[in-house]
Number of protein chains: 2
Amino acid sequence: MAIKSRDTSKTIQESIATTHVAALDVDMDAMAAISNVFRVSVLFHNQAEKRFLLQHKLSFSGFTVLWVLWVFGKMESYQLAEECGITKGTLTGIVSTLEKHGFAERRAHPSDGRRRLVRLTRKGDGLMKKLFPTINALEQEFVAGLKPAELVELSRMLRIILHSQDPVP
Amino acid sequence: MAIKSRDTSKTIQESIATTHVAALDVDMDAMAAISNVFRVSVLFHNQAEKRFLLQHKLSFSGFTVLWVLWVFGKMESYQLAEECGITKGTLTGIVSTLEKHGFAERRAHPSDGRRRLVRLTRKGDGLMKKLFPTINALEQEFVAGLKPAELVELSRMLRIILHSQDPVP
DNA sequence: ATCATATCGTTTGTTCCCTAACGAAATCAA
DNA sequence: TTGATTTCGTTAGGGAACAAACGATATGAT
């Protein structure tokens, strides 16, 4: 059985791309880093959907919305959209889908007739209790090849990127 | 003027999430790492689309297809889809959009009547020559807060994750 | 030569995602 | 109090994403 963990070689795609743009004035290291962030992101997204989410009629986006509701409790739509990183128009569709499957519900705001409150149903809460550890296990599986110190270092570097892109108020 | 680079503190979202799941048996470091990979990915995607791509009637996916065509030359559809990490059905739609805007074109395969060859038009090639350095500049902007050695280390760790998820043939 | 199977690109149907426009409700001004 | 503006959530339209099914073509076996 071949040992495949701790393989740090370039992927095929990375190698070909590197060769092709070698003549241009390009920062290869920056390109490699961002490209690999994308690949990990897409890979995790697909794995999570196929292995755990779709069998519950849940898209990754739907799971994200449920997760935010689970962590923050009931929320108003515009906050929820902000937190999930999507627009309010998109959120309307996702919450409608979640409502159709009985995972979330909309309520009227007690004092403001324009606003709606979104919250988990009992069914949605139960689903999250079951699903969250599963997703976390997948996260562990993804980073299993990294040493503990490396893992912390990875998060730290990503945070540097995130903070550097913070909108200046 | 506040110095905001090299900020390695947890984001607000990370803090709240951490507190909420503290009681559960959860690997916080794995959760933080994957979550932050996602945030960087979404952030870059949105910035690239809004600042450089949409003005050319190009989606991020469309740009990806164009990029692969630019690097690999003309390709058959099924290879192109594979390389872009999307399904062939999705690729049909994207190539149709690219064709509509004159960036790419479909040709018949010389010997196999089922296959199609996709390639850049002159207009598409010119667009990539202009766009690629711009995107690379955004990549540099994103990782500007990292020291050169850290940047290399970041790519290395992401590759470990990618290779660990390689499908076993 | 014929029939069965496999492969390739497209189409179909659902969901997601955005921007832009809209109606309802709240707020503010005069 | 009336009228204008702002702030909500929803809707509309287009592109993107997937799986599944569908023709057309190629290839294989008999």
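So that the names make sense, note that chain A is the first sequence line, chain B the second, and so on, each numbered from 1. Below, each value reflects all heavy atoms present in this structure, side chains not excepted, and no hydrogens, waters or symmetry copies.
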Original post:
In residues 54-63 of chain A, which ones come under 4.0 Å of DNA chain C, going by heavy atoms?
Top reply: A:S59, A:S61

**OP:** Any pair with a residue in residues 125-139 of chain A that passes salt bridge (Lys or Arg N to Asp or Glu O under 4.0 Å), sequence neighbours left out, goes on the list, sorted by first then second residue, please.
**Re:** A:D125-A:K129

Subject >> Sugar-phosphate only, base, or nothing, as touched by A:G113 at under 4.0 Å among non-hydrogen atoms >> reply: sugar-phosphate

Original post:
D:dC22 P sits how many Å from B:K88 NZ, rounded?
Top reply: 14 Å

Donor-acceptor pairs under 3.5 angstrom involving side-chain atoms of residues 50-58 of chain B: please list them, not counting sequence neighbours.
unit_1 : atom_1 : unit_2 : atom_2 : d
B:R51  : NH1    : B:Q47  : OE1    : 2.9
B:R51  : NH1    : B:E141 : OE2    : 3.4
B:R51  : NH2    : B:E141 : OE1    : 3.1
B:Q55  : NE2    : B:R51  : O      : 2.7

**OP:** Classify the ring geometry between B:F44 and B:F142 as parallel (under 30°), tilted (30 to 60°) or perpendicular (over 60°).
**Re:** perpendicular

Original post:
Between A:H45 and B:F38, what is the ring plane arrangement, given parallel below 30°, perpendicular above 60°, and tilted in between?
Top reply: tilted

Original post:
Between residues 91-102 of chain B and DNA chain C, which residues have a heavy-atom gap below 4.0 Å?
Top reply: B:T92

Original post:
Side-chain N or O of A:R106 less than 4.0 angstrom from OP1 or OP2 on D:dT10?
Top reply: yes

Original post:
What is the distance, rounded to the nearest whole Å, between atom CG of A:N46 and atom C1' of D:dC18?
Top reply: 10 Å

Original post:
Can you list every salt bridge (Lys or Arg N to Asp or Glu O under 4.0 Å) pair that touches residues 90-109 of chain B, not counting sequence neighbours?
Top reply: B:E99-B:R106, B:E105-B:R107, B:E105-B:R119

Subject >> Which residue lies more 5' along DNA chain C, comparing A:I86 with A:S111 via nearest heavy atoms >> reply: A:I86

Original post:
Are the side chain of B:T64 and the backbone N or O of B:C84 linked by a donor-acceptor pair below 3.5 Å?
Top reply: no

Original post:
Any Lys/Arg nitrogen of B:R156 or A:E150 sitting under 4.0 Å from an Asp/Glu carboxylate oxygen of the other?
Top reply: yes

Subject >> Whichever of B:E49 and B:Y78 has its nearest DNA chain C nucleotide further upstream toward 5' >> reply: B:Y78

Original post:
Does a side chain donor of either A:T90 or A:T87 reach within less than 3.5 Å of an acceptor in the other side chain?
Top reply: yes

Original post:
Starting at CG of A:D112 and ending at C1' of D:dG9, how long is that distance when rounded to a whole Å?
Top reply: 11 Å

**OP:** Look up atom CG in A:N36 and atom CD1 in B:I161, then write down how far apart they are to the nearest 0.5 Å.
**Re:** 9.5 Å

Subject >> Nearest-0.5 Å distance that lies between atom OG in A:S61 and atom CG in A:L66 >> reply: 11.5 Å

**OP:** For B:K74 and B:L117, work out which heavy atoms get closest and say how close.
**Re:** CD-CD1, 4.1 Å

**OP:** Could you tell me the separation between the CG atom of A:L117 and the P atom of D:dC8, rounded to a whole number of Å?
**Re:** 13 Å

Original post:
Contact class for A:T90 vs. all strands (heavy atom < 4.0 Å): base, sugar-phosphate, or nothing?
Top reply: base

**OP:** Using the heavy-atom set of chain A and a strict 4.0 Å cut-off, write down the first and last nucleotide of DNA chain C that makes it in, 5' to 3'.
**Re:** C:dT15 to C:dA26

Subject >> First of B:R114 and A:R115 reached from the 5' end of DNA chain D, by closest nucleotide >> reply: A:R115

Subject >> Nucleotide D:dT7, atom P - distance to NE2 of A:H109 in whole Å >> reply: 16 Å

